[in-house]
Amino acid sequence: MAKAKKTNSELFSSLLYILLGVLLVVFKSQTLGWAMTIAGIIFVISGALDLIKKNWAGGAVSLIIGIAILVLGWVAAKIVLLVLGIMIAIKGIVALINVFKQKKANALQIVFPILTVIVGLMLAFGNALDIMIIIVGILLIVDGILGFIGSLKK
């Protein structure tokens with residue numbers, strides 16, 4: 001009986017991984033928006049319930065966090081991505097300058113800093129977030145399929 005429960009749990013987890021992976025691949029960054037909205041709503045409901053129970057401090061904090069996530073969620077995320085992307089691009093530029101200061105630089109030493117600059121700029125101003133979400137989605141799908149197959153063999 002315990003083995004059946006474990007197998008069912010593994011099957012369920014694998015199917016959830018596959019579903020989440022498909023959602024990430026199909027809907028990309030929209031999925032993060034949904035997650036932020038759900039998190040904001042959960043914080044607001046939790047805060048309201050705490051206030052009803054007269055837990056003033058905890059309720060107020062949860063309510064403020066929930067409202068902040070709902071109102072500022074994407075704005076804050078875009079600011080973080082912009083800053084992070086610029087910092088990564090600057091790191092790549094500094095690394096590229098250091099490579100050119102060397103007397104003997106091979107192609108790999110030049111390519112990596114250039115890729116770092118490109119990724120940083122894409123993250124700051126482009127669609128690198130969607131690309132990363134698609135990659136994570138694909139990895140979840142593969143992991144889910146492998147887990148599903150593994151649990152069927154048991």
Side-chain angles (χ1 to χ4, degrees), residues 1-47 49 58 61-100 102 105-154:
M1 183 74 177
K3 186 177 183 179
K5 283 185 181 182
K6 185 176 181 185
T7 304
N8 288 340
S9 173
E10 290 172 358
L11 281 170
F12 183 72
S13 295
S14 298
L15 291 174
L16 277 178
Y17 277 26
I18 293 169
L19 176 65
L20 183 57
V22 169
L23 286 174
L24 289 174
V25 169
V26 172
F27 296 107
K28 298 173 222 44
S29 58
Q30 287 176 322
T31 314
L32 291 179
W34 298 338
M36 283 194 290
T37 301
I38 291 168
I41 291 170
I42 289 171
F43 271 104
V44 167
I45 292 171
S46 173
L49 291 173
V61 169
S62 291
L63 205 55
I64 290 169
I65 290 172
I67 292 170
I69 290 172
L70 290 171
V71 174
L72 302 173
W74 271 115
V75 173
K78 287 183 181 191
I79 291 170
V80 168
L81 288 174
L82 177 69
V83 171
L84 182 63
I86 291 171
M87 288 172 35
I88 290 171
I90 290 171
K91 181 186 182 307
I93 291 168
V94 169
L96 193 59
I97 291 169
N98 288 335
V99 167
F100 286 130
Q102 297 176 3
N106 64 35
L108 188 60
Q109 289 175 310
I110 295 171
V111 169
F112 188 72
I114 290 173
L115 289 176
T116 303
V117 172
I118 292 169
V119 167
L121 293 175
M122 285 179 61
L123 196 57
F125 305 109
N127 62 350
L129 180 62
D130 281 344
I131 293 167
M132 287 188 283
I133 290 173
I134 290 171
I135 291 169
V136 169
I138 291 169
L139 292 173
L140 283 171
I141 292 169
V142 170
D143 188 36
I145 291 170
L146 293 174
F148 185 79
I149 292 170
S151 65
L152 289 178
K153 289 182 179 180
K154 292 181 180 181

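Numbers here are sequence positions counted from 1.
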Considering non-hydrogen atoms only, spot the tightest contact between Ser14 and Gly144 and give its length.
CB-O, 3.2 Å
Taking all non-hydrogen atoms of both residues into account, name the closest pair between Pro113 and Gly92 and its distance.
CB-O, 3.5 Å
Hey, could you give me each pair passing ring-ring contact (aromatic ring centres under 6.0 Å, His included) that has a residue in residues 108-149? Not counting sequence neighbours.
none
Across all chains, not counting sequence neighbours, the side chain to side chain contact (heavy atoms under 4.5 Å, CB included) partners of Leu72 are none
Partners meeting side chain to side chain contact (heavy atoms under 4.5 Å, CB included) with Ile118 (sequence neighbours left out):
Ile114, Met122
Rounded at 0.5 Å granularity, tell me how far OG1 in Thr31 sits from CG in Leu24.
5.0 Å
State the CG-CD1 distance between Leu70 and Ile38, to the nearest 0.5 angstrom.
11.0 Å
Show which side-chain atoms of residues 135-143 pair as donor or acceptor with protein atoms under 3.5 Å away, not counting sequence neighbours.
none

At what distance, to the nearest 0.5 angstrom, does CD1 of Ile86 lie from CG of Leu81?
11.0 Å
Please report the interatomic distance CD1(Ile145) to CG(Leu15), rounded to the nearest 0.5 Å.
10.5 Å
Test your reading of the model: is there a side-chain donor-acceptor pair from Ser46 to the backbone of Ile42, 3.5 Å cut-off?
no
With rounding to the nearest 0.5 Å, note down the distance linking CD1 in Ile131 to CG in Leu123.
10.0 Å
Tell me every residue that passes side chain to side chain contact (heavy atoms under 4.5 Å, CB included) with Gln109, counting only those two or more places apart in sequence or in another chain.
Val99, Gln102, Ala105, Asn106
Please name all residues satisfying side chain to side chain contact (heavy atoms under 4.5 Å, CB included) with Ile67, sequence neighbours left out, ordered by chain then number.
Val44, Leu63, Val71
Gap between atom CG of Leu96 and atom CG of Leu115 - 0.5 Å precision
11.0 Å
